[in-house]
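Everything numeric here is computed off the predicted structure, so don't read it as measured data.
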Amino acid sequence: MNSILLFLVLIPPFVSFALNGLIPSLRKSKKGAAGLSIFSIFVSTLASVLLLVEKPEVEFLFEWIPSKTLSPIHFGFFLDPFAVVMLFVVAVVALMVQVYSLGYMSEETPSSFGRYYTFHSLFAFSMLGFVASSSLLQIYIFWELVGLCSYLLIGFWYHRPEAARAAIKAFWVTRFGDVGFAIGMVLLWGATGTFLLSELFVKAPELSNAYLSLCLLLIFFGAMGKSAQFPLHVWLPDAMEGPTPVSALIHAATMVVAGVYLVVRLFPLFQFTPEILSFVMWIGSITALIGASLALIQEDIKRILAYSTVSQIGYMMAAAGAGGKALGLFHLFTHAFFKALLFLAAGSIIHALRTNNIWEMGKLAKKMPQTTILFLTGALALSGIFPFSGYFSKDEILIWMHNQGFTVPFFILLFTAFLTAFYMFRVFFVVFMGDKEAKEHGHESPWVMTLPMWILGLLSLGAGFPKETFFKFLEYDSESYHSYLAYLPLTVSIFGIGTAWLFYHKKYFKPSRIAETLSPITHVLVKKLWLDDIYLWVYRRVLNGISFLCGWFDRYIVDGLVNAISWSIRQTSRGLREIQTGRIQDYLYGIIAAIILFIWLTLGVLPTRDRINEKIENPVDYIQAPLIKDSKRDKNKHD
């Protein structure tokens, strides 16, 4: 029964992708393409809910690549509570995004609309397959499919240069990390002889700590790229050039959270390498702070949310690195709903006003009341305000960090919580409560867009309440609160909201003056830590230089050698071609010359049968034998 439910989760999106991709008439029909895609992900969602109720722990395999010399490679699926929760998250968010897209993408041409839903189905299938994979090789295959789908959807409006560049940037930065993933995976296989997770969890801990640490560090590089962790986070803000529903899907339930899930999935290996876990924790903590800091100065509403995602994924990584894999997954669970809600609410604003700039918005609370309530719900959840879901998951992470003795990361994440509340309510006060009128006439979105937002709003409010049930489901014991910890994160978040209210609603302080006072820090943030400049310099100077040298070597050494050989053959052929005159007398001369040469060689140079049969011990005597015989013959005649 569980295997049937799993296939009902996985197969429908693939069937939708295949039919929409292979049948042009279906793909060019808006109702047909969208209807098939939404129905398929709806079936997957229902099946994922049933799996959540069943709570199966099963693994089934079949032999994929047989081998007599090496261990055969298997293909199959592995379900545990972590995988079941993740399947539910992916399916629900994908369903909400696809329904929302009916309204947001309604102005697209039929062929473009069908292409959009075709890519969406492949994206959902790839992520669901990644979550349920039973082997590291299979995980890597679906991992790359997720990357391909993100490239296709980020660059969906490929006729826009910005979108095309953003897609390429996302592809190359994540591929850079994936090189490490591939090398680490192969090294593990070389040492254990298997890709299966169940076997790796038994065999890999027997390896030396240094070897296992190297493998996991390389694999984590892949997670850093996919989950936009410092310093490989630079692709994510540019990915906002894609359609807003795509941004919601990527940030909430697919590509960006794939790295976190990979660390959680491989935690039975990571737990034997405390040095690597510490590295994961510090990378997550630093990324959380950098993401929140960069969000402070952004003016594009989608980029603010993008840097927010970078920051929140940092929270998840920090929790996993500190040993709290269930906490990281719990924050992933709650974050999926309120971050998808925030992106869809931002999309509702962009759909109405045709602008992403928050300073071109204002006083939207009266014009777009539903979007206002829903954006506020998402902002409160992201800020960690009780009773919204983010409060429960973020507090658990901070408590865990404190109880485990990670003092510096604890304060980094606590300060990040303040920044998060500040930049989110900066957006809220400017966009919905600002004193400037929006340049365009705002209007509420149609029900096909607001309905998914309301569902996500309810999940953003209520997903944190079954915390104890969630942890029991994952077999994790919740940490106890210290007296001051019960109020400290909430107090910090409220203080962040109050600061934003003073700056952007009451205007008691001018942000520009603060920026001038902190000009060195502001300059660093405006330059985005110069990481984009560094990568651009490396690309233009180093990679292009290496490419030039490779091109020169290929043209002048490799091609030069081949061309020299062909030229010499061509010249020789031209010389030989001169003997073909077409005149019969020339050919007769040649035949006569060949006959004379043959006779001369036969009678004058080559040894006769008698000479061959004659036994001569000394090779020199053999050479001189004809002369000796001739002299004896002359002497006999004289006598």
- Report yes or no: does Ser227 contribute a side-chain atom to a donor-acceptor pair with the main-chain N or O of Met224 at less than 3.5 Å? no

- Message: Donor-acceptor check, side chain of Arg265 to backbone of Val131, threshold 3.5 angstrom: yes or no?
- Response: yes

- Message: For Lys31, is the NZ atom crowded, meaning more than 12 foreign heavy atoms sit under 6.0 Å from it?
- Response: no

- Message: Just by distance, no angles: are the side chains of Ser493 and Ser383 close enough, under 3.5 Å, to form a donor-acceptor pair?
- Response: no

- Task: Taking the side chain as every heavy atom from C-beta outward, state whether Leu353 and Leu364 have any atom pair closer than 4.5 Å.
- Result: yes

- Give the intermediate values and the outcome of side chain to side chain contact (heavy atoms under 4.5 Å, CB included) for residues Trp282 and Ile412. CA-CA 10 Å; Trp282 280 104; Ile412 289 175; 4.2 Å; yes

- Query: According to the interplanar angle, ranging from 0 to 90°, do the rings of Tyr504 and Trp359 count as parallel (below 30°), tilted (30 to 60°) or perpendicular (above 60°)?
  - Reply: tilted

- Query: Are Leu102 and Ile38 close enough that some pair of their side-chain heavy atoms sits under 4.5 Å apart?
  - Reply: yes

- Hey, mind stepping through Val264 and Leu332 against side chain to side chain contact (heavy atoms under 4.5 Å, CB included) and telling me if it holds? CA-CA 11 Å; Val264 170; Leu332 187 156; over 6 Å; no

- Message: Would Leu398 and Leu488 count as a side chain to side chain contact (heavy atoms under 4.5 Å, CB included) here? Give the steps.
- Response: CA-CA 10 Å; Leu398 290 170; Leu488 184 59; over 6 Å; no

- Message: Measuring from atom CD1 of Ile297 to atom NZ of Lys528, what distance do you get when rounded to the nearest 0.5 angstrom?
- Response: 8.5 Å

- Closest approach of Gly225 and Thr174, non-hydrogen atoms and distance? O-CG2, 3.5 Å

- Which pair of non-hydrogen atoms, one from Ala340 and one from Leu456, has the smallest distance, and what is that distance? CB-CD1, 3.9 Å

- Note on the structure: Note: Ala239 and Ser247 closest approach over all heavy atoms is O-OG, 4.3 Å

- Evaluate the side-chain proximity of Phe418 to Thr499: yes if any heavy-atom separation is below 4.5 Å, no if none is. yes

- Note on the structure: Closest non-hydrogen atoms of Ser126 and Leu145, given as atom of the first, atom of the second and distance, are OG-CB, 3.4 Å

- Task: Output yes when a side-chain donor or acceptor of Lys226 lies under 3.5 Å from a complementary backbone atom of Ala258, and no otherwise.
- Result: no

- Query: Any sub-3.5 Å donor-acceptor pair from Thr309's side-chain atoms to Leu305's backbone N or O?
  - Reply: yes

- Would you confirm whether Thr254, through its side chain, and Leu249, through its main-chain N or O, come within 3.5 Å as a donor-acceptor pair? yes

- Message: Strictly distance-based, threshold 3.5 Å: is any side-chain N or O of Thr355 a donor or acceptor partner for the main-chain N or O of Asn357?
- Response: yes

- Message: Can you list everything that forms a ring-ring contact (aromatic ring centres under 6.0 Å, His included) with Phe88? Sequence neighbours excluded, please.
- Response: none

- So is Lys394 actually on top of Tyr315's ring, under 6.0 Å and inside 45° of the axis? yes

- Specify whether Phe130 and Tyr261 have parallel, tilted or perpendicular ring planes, treating 30° as the upper limit for parallel and 60° as the lower limit for perpendicular. perpendicular

- Message: Would you say that Tyr100 contacts Val448 through its side chain, given a criterion of any heavy-atom pair below 4.5 Å between the two side chains?
- Response: no

- Any chance CZ of Phe42 has more than 12 other-residue heavy atoms, nucleotides or ligands included, within less than 6.0 Å? no

Enumerate, atom names and distances included, each donor-acceptor pair closer than 3.5 Å involving a side-chain atom of residues 342-352, sequence neighbours excluded.
{"residue": "Ser348", "atom": "OG", "partner": "Thr371", "partner atom": "OG1", "Å": "3.0"}
{"residue": "Ser348", "atom": "OG", "partner": "Ser445", "partner atom": "OG", "Å": "2.4"}

- Taking the six-membered ring for Trp, are the ring centroids of Phe422 and Phe495 within less than 6.0 Å of each other? no

- Among Thr377, Leu374, Leu459, which residue meets the side-chain contact (heavy atoms from CB on, under 4.5 Å) test with Trp454? Leu374

- Message: Tell me whether the count of non-hydrogen atoms from other residues, nucleotides or ligands lying under 6.0 Å of CZ in Phe415 goes above 12.
- Response: no

- Rounded to the nearest 0.5 Å, what's the gap from CD1 on Ile304 to CG on Leu294? Could you check? 12.0 Å

- Task: Report yes or no: does Ser40 contribute a side-chain atom to a donor-acceptor pair with the main-chain N or O of Ser37 at less than 3.5 Å?
- Result: yes

- Task: Answer yes or no: is there a side-chain heavy-atom contact under 4.5 Å between Leu380 and Leu376?
- Result: yes

- Note on the structure: Which of Phe470, Phe471, Phe338, Phe465 passes ring-ring contact (aromatic ring centres under 6.0 Å, His included) with Phe392? Answer is Phe465

- Message: Looking at every non-hydrogen atom in both residues, tell me the closest pair between Pro12 and Phe7 and how far apart they are.
- Response: CD-O, 3.6 Å

- Task: Any chance you could lay out the side chain to side chain contact (heavy atoms under 4.5 Å, CB included) test for Met401 and Leu413, step after step, and finish with the verdict?
- Result: CA-CA 9 Å; Met401 301 294 285; Leu413 296 180; 4.1 Å; yes

- Query: Asp300 versus Gln298: any side-chain heavy-atom pair under 4.5 Å?
  - Reply: no

- Indicate the ring-plane relationship of Phe333 and Phe330, choosing parallel, tilted or perpendicular according to the 30° and 60° boundaries. parallel

- Phe375 ring center near Phe432 ring center (under 6.0 Å): yes

- Sidechain-backbone polar pair: Tyr117 side chain, Gln98 backbone, donor-acceptor under 3.5 Å: yes

- Using the ring of each side chain (for Trp, its six-membered ring), is Phe17 parallel, tilted or perpendicular to Phe14, with breaks at 30° and 60°? tilted

- Message: For the backbone of Ala223 and the side chain of Gln229, can you confirm whether one donor and one acceptor N or O come within less than 3.5 Å of each other?
- Response: no

- Message: Do Leu419 and Ser293 make a side-chain contact, defined as non-hydrogen atoms from C-beta onward lying under 4.5 Å apart?
- Response: yes

- Query: What is the distance from atom CH2 of Trp157 to atom OH of Tyr116, rounded to the nearest 0.5 Å?
  - Reply: 8.5 Å

- Test side-chain hydrogen bond (donor to acceptor under 3.5 Å, both in side chains) applied to Gln312 and His251, His331, Lys339, the passing residue: His331

- Query: So, for Ala132 and Leu6, which heavy atoms are closest and what is the spacing to 0.1 Å?
  - Reply: CB-CD1, 4.1 Å

- Task: Give, for atom CD1 of Ile250 and atom CD1 of Ile154, the distance between the pair rounded to the nearest 0.5 Å.
- Result: 4.0 Å

- Query: Is the side chain of Ser48 donor-acceptor paired with the backbone N or O of Thr45 at a distance under 3.5 Å, no angle test?
  - Reply: yes

- Task: Give, for atom CD1 of Ile286 and atom CE of Met281, the distance between the pair rounded to the nearest 0.5 Å.
- Result: 9.5 Å

- Quick one: are Thr334 and Tyr391 in side-chain contact, heavy atoms under 4.5 Å? no

- Message: What's the separation between atom CZ in Phe113 and atom NZ in Lys30, rounded to the nearest 0.5 Å?
- Response: 6.0 Å

